[in-house]
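One structure below.
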Amino acid sequence: MVTYIKESLEELKNNVTWLEKGKASNLMVIVAVFSILFALATWGVDSLFSSLITLYFDKLIG
């Protein structure tokens, strides 16, 4: 296990190509914006389905 961790850290230091700080920041903003939009869309669909189910059961019961 220790050997695996050492080799993993070695690979991260020597073999991984990291993005420039500016490009990484831009991509982070894009991911954050799309995450927020997706969360809002999910919330909207959930609210719509909740309202439809409530309406359905109100008509069914009462």
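These numbers come from the heavy atoms of this one structure, side chains and all, not from hydrogens, waters or symmetry mates.
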Pick one: which of T3, I5, L9 meets side-chain contact (heavy atoms from CB on, under 4.5 Å) with E7?
T3
Contacts satisfying side chain to side chain donor-acceptor pair (under 3.5 Å) that involve residues 38-62 (not counting sequence neighbours) are none
Who passes side-chain contact (heavy atoms from CB on, under 4.5 Å) against V16, sequence neighbours left out?
L12, W18
For V29, give me all partners under side-chain contact (heavy atoms from CB on, under 4.5 Å), at least two apart in sequence or on another chain.
V33
N26 side, atom CG; K21 side, atom NZ - distance, nearest 0.5 Å
13.0 Å
The criterion is side-chain contact (heavy atoms from CB on, under 4.5 Å); which residues satisfy it with L52, sequence neighbours excluded?
L48, F49
L60 and I53: same hydrophobic cluster, using ILVMFWY side-chain contacts below 4.5 Å?
yes
Quick one: side-chain hydrogen bond (donor to acceptor under 3.5 Å, both in side chains) partners of E10, sequence neighbours excluded?
N14
